[in-house]
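In what follows, every chain begins at residue 1, and chains take the letters A, B, ... in the order their sequences are listed.
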Number of protein chains: 2
Amino acid sequence: MMSKQRTAVSPTREENYPEWYQQVIKVADLAEHSPVRGCMVIKPWGYSLWENIKLALDKEFKKKGVQNAYFPLFIPLSYLEKEAAHVKGFAKECAVVTHHRLEEKDGKLVPAGELEEPLVVRPTSETIIGEMYSKWIESYRDLPLKLNQWCNIVRWEMRTRLFLRTTEILWQEGHTAHETKEEALDLTKQMLDVYVDITENHLAIPVIKGRKTEAEKFPGADETFTFEAMMQDGKALQMGTSHFLGQNFAKASDITFMPREGNLEHVWTTSWGVTTRLIGAIIMAHSDDNGLVLPPRVASSHIVIIPFVNKEETKEKVYNYCKELKKELEELTYFKKEVEVIFDDRDQRAGEKAWYWIKKGIPIRIEVGPKEIDDGSVSLFKRTDGPKDRIKLSKEEILRTVPDLLDNIQTTIFKRAKEYRDKRMVKLDTKEEFYEYFSKKDCGFALAHYSAEESVEEKIQQDLNVTVRCIPLDLPKEEGVCPFTGAPSKQRVVFAKSY
Amino acid sequence: MMSKQRTAVSPTREENYPEWYQQVIKVADLAEHSPVRGCMVIKPWGYSLWENIKLALDKEFKKKGVQNAYFPLFIPLSYLEKEAAHVKGFAKECAVVTHHRLEEKDGKLVPAGELEEPLVVRPTSETIIGEMYSKWIESYRDLPLKLNQWCNIVRWEMRTRLFLRTTEILWQEGHTAHETKEEALDLTKQMLDVYVDITENHLAIPVIKGRKTEAEKFPGADETFTFEAMMQDGKALQMGTSHFLGQNFAKASDITFMPREGNLEHVWTTSWGVTTRLIGAIIMAHSDDNGLVLPPRVASSHIVIIPFVNKEETKEKVYNYCKELKKELEELTYFKKEVEVIFDDRDQRAGEKAWYWIKKGIPIRIEVGPKEIDDGSVSLFKRTDGPKDRIKLSKEEILRTVPDLLDNIQTTIFKRAKEYRDKRMVKLDTKEEFYEYFSKKDCGFALAHYSAEESVEEKIQQDLNVTVRCIPLDLPKEEGVCPFTGAPSKQRVVFAKSY
């Protein structure tokens, strides 16, 4: 009987992917469930990822002329009724505030002070922002209006999974208003490109961008753009969306403006958002059976230095060397930021520490013992290599090459994810192939023709739990025949199982 | 009849201070009331102040070893009952979520899906964080635990005022747990010092730090530290607080640890927070009858360049000159950040623009017309001078001196606020003096002896609406006699009317 290689995470991806995902979150100490159903506690190592994603996105938003603002957590119930498709779509499963006071009764606190009109905790803010925009916008001189907010939202999900689907969600929501359809549509696509840029270049996750079908688009939108990535189980994860809302919300909230010529018109609006789900994507796209693997560009710490001390009398020498090395490494710059270094001086065995940091996905681990000091070398381990793949370098070499090593890790992670995805992306031309493909365990993205009939989409979802993830914008165009209806199809779309 | 000087804000501070405050917020476009009672919409110019305050504080927190995390918005009602003083203190006026679904009924949406246990929207997070800490902390090795979160909280206020007292509040709340009383108390004071540093050196507001009396301390705390500033109407504004919670919350949430020696013990905890109220403080401490005055270190933009074009044929020349100047100014550094410059090319009269930016409090205004270009000079206006106090400088001089000019504005603002406060701070020794002083319109801070009897404090509050703002930590100590009871007093405390 062959002995199975021991891994830090159990079960492995192969054995049980969903459970492996939970375990990576646990061993990397990213987040956990809170006592409030569906709401998570994001712990520092997980939250730092969100901080870095925020920082990168916020900078790009501002380059596009978007300003940050803040709108209320609560939305009057009547506002949600304004846009018909919006209500129907997802305004219903949400937390409802009905009272504003607690009173003591038999030693217990009970709700008191009933509100005249219940308030809904925002599931998204189109309606309340629409109300404000209708006051602020009078003439074309007030346009475009481009605001974003970083905030929490609540959608009462029945089945939740850390980062991927939670009741309370941290996100950003951009809301813009424009003079013309063209300008609004262009902005919708610009923001999609910002997302794709950050996702591919910072998170190291390759994506396919495209439009959603009628069935999958945002309630109330004319057009929803999405970018989809493949996780290591072949499933698609919708990474974020950018919506062209047409004049629907402008009409619902009566947002009008005096144009350069002619009479009062309704503005054209957009909205776009990404959430802490992106952290789930980092986990599922990159991590391995030893735990988290972090792309250096979003890691809050790049390097850990672990001292190896076997005799008490060498401790001071090793510790001093480590502290000095930390200082020197911190003078380096990677990707326009200071290199962040942790010196792990906890009272614990070095081997334990090494595994602790492997599980947390820190890009580079450096081990320093008396031997290393004596021969002027340092042992360096890249998280993308095996846990024992030591690289011996002189201290000078380390200091010279760390930025390149980090970049090499970033590139490796992206390449690996892309190769993985491309290998699991197939072209399918018949209904039989299609059904067979998605009945296998190792299915992925199928590029197939599709004549855009909603009933077909429903049937496929029912039969296989597969949906059209997007109508790709950038894949080569090719006309053909829909394998499900025989109708002509303008291009292949991406079908997949999804989160 | 003497003609009154025209001001951009009406009424003036002298005429009606509370209404002046509202008007400054309006003319500077900082925030406004939303359709949801007590919740405000923070507009970009106001939100940028919060972003800059966050940035400065977050950096200092991290230097103290504090890490950011995120805890749920909702708190199970039963958690609030855990700490008796806490419940009694302020856990009662808060938004209560009782349902998680909306259903359509006669074309209306009505709450459905009643929750088994109602959820409270966090008024502060001691109880829920305590619950998590009790799981995470096992041994002294897990201590100290120092987390902070940037989030929104809800306290159902009956009378609200933009920034000062709102139903939904943006804030940060730090929560730490320690092995010993001394360490926790020390941390409480360290965080107070961080606040004072940022308030005095970034917000340019001088403060008095001190302890709260029993009557004024945080519900559940052993000791509350505060820092108080004087607004331009002589009233005190509590700028933020840092609480030493003793073992109260540790006992309520059963947060225990195995110490270095001996048996299981309860940890010692702290909490500390500041809110968007700090923006209210900036407004009330510095602004004048022409609008907002911003300390350069928290201003999101430092300089506006306004083109003066009287003939269409000079427009291009002037605009190009402005753009070039903007670029050159942006290469400068002020207070370790890039100088932020706005070129106001809106289609509007230059005079209108000038007043627009005066009202918004931008530190420096530069006006450029054909004449300035021809004679190589630039007209510069400091917000701390009068709106017409022109400084003529050559372009070279401007580029050389802008960082100094900004620093001069920062210093001027702080000095002005400090002189103002010191002038309105008096020592009072008899009850008669005290009652007379606080019956006048222009009262301020009174330093008086006080023997710490709660009934006295209540009486003074009832009679004069005056409270002990703090027992100062740094003012010279001096023993005396309490003018209200004749009992010996260890030191003078600060009495004032307050927000």
Side-chain angles (χ1 to χ4, degrees), chain A residues 32 34-36 39-44 46-48 50-51 67-81 87 91-104 107-113 118-121 128 131-132 141 147 151-152 154 156 167-168 170 346-347, chain B residues 32 34-36 39-44 46-48 50-51 67-81 87 91-104 107-113 118-121 128 131-132 141 147 151-152 154 156 167-168 170 346-347:
Chain A
E32 60 187 66
S34 82
V36 182
C39 295
M40 63 179 166
V41 172
I42 309 180
K43 300 181 82 175
Y47 195 78
S48 70
W50 186 236
E51 287 184 302
Q67 295 181 296
N68 285 333
Y70 190 77
F71 294 88
L73 173 66
F74 299 133
I75 300 180
L77 198 143
S78 58
Y79 282 41
L80 286 180
E81 294 164 353
V87 181
K92 289 183 186 169
E93 293 297 333
C94 44
V96 191
V97 176
T98 54
H99 296 75
H100 69 80
R101 202 170 57 239
L102 295 171
E103 272 175 13
E104 264 177 291
K108 292 270 160 209
L109 292 175
V110 293
L119 296 171
V120 165
V121 182
I128 187 97
E131 175 74 15
M132 300 314 294
R141 287 172 204 262
L147 300 183
C151 67
N152 53 348
V154 170
W156 207 272
T167 298
E168 183 188 9
L170 298 186
R346 290 175 302 158
D347 183 16
Chain B
E32 60 187 68
S34 82
V36 182
C39 295
M40 63 179 166
V41 171
I42 309 180
K43 300 182 84 174
Y47 195 80
S48 70
W50 186 236
E51 285 184 304
Q67 294 181 296
N68 286 333
Y70 189 78
F71 294 87
L73 173 67
F74 298 133
I75 299 180
L77 196 144
S78 59
Y79 282 42
L80 285 181
E81 294 164 352
V87 181
K92 288 185 186 169
E93 293 297 334
C94 44
V96 191
V97 177
T98 55
H99 295 74
H100 68 79
R101 203 171 56 242
L102 296 171
E103 273 176 11
E104 264 177 287
K108 292 267 160 213
L109 292 174
V110 295
L119 296 170
V120 165
V121 181
I128 187 100
E131 174 74 15
M132 301 313 295
R141 288 171 203 264
L147 299 184
C151 67
N152 52 348
V154 170
W156 207 272
T167 298
E168 183 186 11
L170 298 187
R346 290 175 303 160
D347 183 16

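Here the SG atom belonging to B/Cys39 is positioned 10.5 Å from the CD1 atom belonging to A/Ile75, to the nearest 0.5 angstrom. Summarising the geometry, atom OG belonging to B/Ser34 is positioned 11.0 Å from atom CD1 belonging to B/Ile42; distances are rounded to the nearest 0.5 Å. Residue A/Met40 holds its CE atom at 6.5 Å from CG of A/Leu170, rounded to the nearest 0.5 Å.
With a threshold of 4.5 angstrom between heavy atoms, A/Leu147 approaches chain B through side-chain atoms but not through N, CA, C or O. B/Leu109 touches chain A through backbone and side chain together, each having a heavy atom under 4.5 Å away. Residue B/Arg346: no heavy atom, backbone or side chain, is found under 4.5 Å from chain A. Only the side chain of B/Asn152 has a heavy atom closer than 4.5 Å to any heavy atom of chain A. Using a 4.5 Å cut-off between heavy atoms, A/Pro118 touches chain B through its side chain atoms alone. Contacts between B/Glu103 and chain A at a heavy-atom distance below 4.5 Å are absent for every atom of the residue.
Chain B forms the most heavy-atom pairs under 4.5 Å with one residue out of A/His100, A/Gln67, A/Lys43, and that residue is A/His100. Each of B/Gly46, B/Gly113, B/Pro35 has some count of heavy-atom pairs under 4.5 Å with chain A, and the biggest count is that of B/Pro35. Here B/Glu51 is the residue among B/Glu104, B/Glu51, B/Glu131 with the most heavy-atom pairs under 4.5 Å with chain A. Ranked by heavy-atom pairs under 4.5 Å with chain A, the list B/Thr167, B/Val36, B/Leu73 is led by B/Leu73. Most heavy-atom pairs under 4.5 Å with chain A, from the set B/Phe71, B/Tyr79, B/Phe74: that is B/Phe74.
In this structure, A/Arg101 contributes its side chain and B/Trp156 its backbone to no donor-acceptor pair below 3.5 Å.
The side-chain heavy atoms of A/Ser48 and B/Asn68, taken from C-beta on, include no pair separated by under 4.5 Å. A/Glu32 has its side chain within reach of B/Met132: a pair of non-hydrogen atoms, C-beta onward, lies under 4.5 Å apart. The closest side-chain heavy-atom distance from B/Val96 to A/Thr98 is not below 4.5 Å.
Closest non-hydrogen pair, A/Cys94 versus A/Val121, comes out as CB-O, 4.3 Å.
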